[in-house]
Amino acid sequence: MTEPLLDIRGLEVAFGGFRALDGVDLTVGRGELRFLIGPNGAGKTTLIDVITGLTKPTAGTVRFEGQDLAGRREHEIVRLGVGRTFQTSVVFEELTVLENLDLAASFRRPLWSLLRRRRGVSEEVAAALETTGLAGLAGSRAGVLSHGQRQWLEIGMLIVQRPRLLLLDEPVAGMSSGERERTGELLTEVARDHTVVVVEHDMDFLRRYASQVTVLHEGRVLTEGSVEQVRADPRVQEIYLGRAREGAEDAVR
Ligand SMILES: Nc1ncnc2c1ncn2[C@@H]1O[C@H](COP(=O)(O)OP(=O)(O)OP(=O)(O)O)[C@@H](O)[C@H]1O
């Protein structure tokens, strides 16, 4: 068997006496599009924070391409090929779409090349404009983009950095239904040549675009499988339907 891209064993994160992650094992193979779901407070963002070096685990290992990420700083992990989006936006509003992408791509270029005035659009930036559907807005200021377009720009800013693993935290939150559909198509396309882990609450979105799903609950992996397998699991129905009874909208139906 070839080595998985990401291999997490016995991961624990404690905040004071509270265990946000409590013995998580997770394996993601190369080329997978994996969805990570779970009710509020399940530990999804904490898991991403640990993979990207933002939060230090209290126990367990995170191996990426066979290398241990524990103890590495955030920028080192980025350089190893792990990219993430945040729930809050990181685009520069005063810069154009093209300038934002170019800046993100410059992260891969040697310092001396940044001092030279660049002519034209690099191949990777042109490809990102196409993939994200933002080519027609290349010269527009990022500040005028719609919420959806801004999210696509952020995904574009990640892919120009050529990560081998992309971690996306709730990419469709707050989007219109048209924007969600476009994002689903974008993720499917990005996943053709990247490994992608998506944190998502939205069950309709999952039904349409997810293949493999991992369910987190109270800091542990409750179950894993196809969307159909996970939806049919009575424990998953209980945690979501239990929430539905409390008025939540994202129940498994
Ligand atoms: N820095 C922190 N200090 C203390 N508790 C924290 C901290 N970060 C997260 N937690 C707690 O850890 C638990 C897991 O939080 P986390 O944000 O990972 O959940 P989540 O599954 O991403 O939830 P949501 O869907 O609401 O974003 C929550 O109970 C949260 O309150």
Side-chain angles (χ1 to χ4, degrees), residues 6 8-28 33-62 64 69-74 77 82-90 147 151 154-155 158 165-175 180 183-184 187 196-207 209-210 212-225 227 230-231 233 235-253:
L6 182 69
I8 294 174
R9 297 282 136 220
L11 200 63
E12 279 182 25
V13 171
F15 294 115
F18 172 74
R19 285 199 183 168
L21 296 180
D22 191 10
V24 168
D25 295 332
L26 177 73
T27 303
V28 181
L33 171 55
R34 175 75 64 95
F35 278 72
L36 195 58
I37 68 166
N40 289 79
K44 305 178 296 293
T45 301
T46 305
L47 182 55
I48 294 203
D49 287 349
V50 174
I51 298 168
T52 53
L54 200 65
T55 297
K56 298 285 164 237
T58 34
T61 56
V62 178
F64 173 68
L69 297 186
R72 293 191 192 251
R73 310 259 293 271
E74 280 176 83
I77 294 174
V82 180
R84 78 175 288 181
T85 57
F86 289 87
Q87 283 176 356
T88 48
S89 180
V90 295
H147 174 65
Q151 297 292 316
E154 289 197 28
I155 294 173
L158 275 187
L165 175 65
L166 273 95
L167 305 165
L168 307 179
D169 202 350
E170 301 197 29
V172 298
M175 283 190 181
R180 278 164 196 254
T183 307
L187 294 186
V196 185
V197 175
V198 186
V199 170
E200 195 43 72
H201 270 299
D202 188 289
M203 274 294 162
D204 281 326
F205 189 76
L206 244 89
R207 273 180 224 147
Y209 300 104
Q212 284 300 109
V213 181
T214 298
V215 185
L216 272 189
H217 181 47
E218 295 179 346
R220 293 165 177 264
V221 173
L222 182 73
T223 184
E224 275 180 342
V227 181
V230 161
R231 281 178 60 204
D233 188 321
R235 294 168 304 166
V236 178
Q237 293 182 2
E238 178 54 35
I239 60 171
Y240 277 92
L241 290 171
R243 280 163 40 77
R245 279 196 289 270
E246 291 159 21
E249 293 170 2
D250 53 357
V252 179
R253 281 184 280 265

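Nothing fancy with the numbering, it's 1 onward along the sequence. None of the values given here were measured: they were computed from a predicted structure. One-based numbering, in listed order, for ligands and for the atoms of each.
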For atom 28 (C) of ligand 1, which of A173, G41, A14, G219 has the closest heavy atom?
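Considering heavy atoms of A173, G41, A14, G219, the nearest to atom 28 (C) of ligand 1 sits in G41.
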Among D49, L216, T45, which one puts a heavy atom closest to atom 22 (O) of ligand 1?
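Selected option, by shortest heavy-atom distance: T45.
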Which value, rounded to the nearest 0.5 Å, describes the distance between I77 atom CD1 and E74 atom CD?
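Taking CD1 in I77 and CD in E74, the distance rounds to 7.5 Å.
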What are the atoms of ligand 1, with element, lying closer than 4.0 Å to any heavy atom of A42?
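Per the distance check, 19 (O), 20 (P), 21 (O).
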Show me which atoms of ligand 1 lie under 4.0 Å from any heavy atom of T46.
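Near T46, meaning under 4.0 Å from one of its heavy atoms, ligand 1 has 14 (C), 15 (O), 16 (P), 18 (O).
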Are side-chain heavy atoms of [X] and [Y] found at a separation under 4.5 Å?
X    : Y    : answer
R84  : L54  : yes
V221 : L216 : yes
L26  : V197 : no
I155 : L187 : yes
L21  : E12  : no

Can an N or O of [X] be found at a distance shorter than 3.5 Å from an N or O of ligand 1?
X   : result
F18 : no
L47 : no
G43 : yes

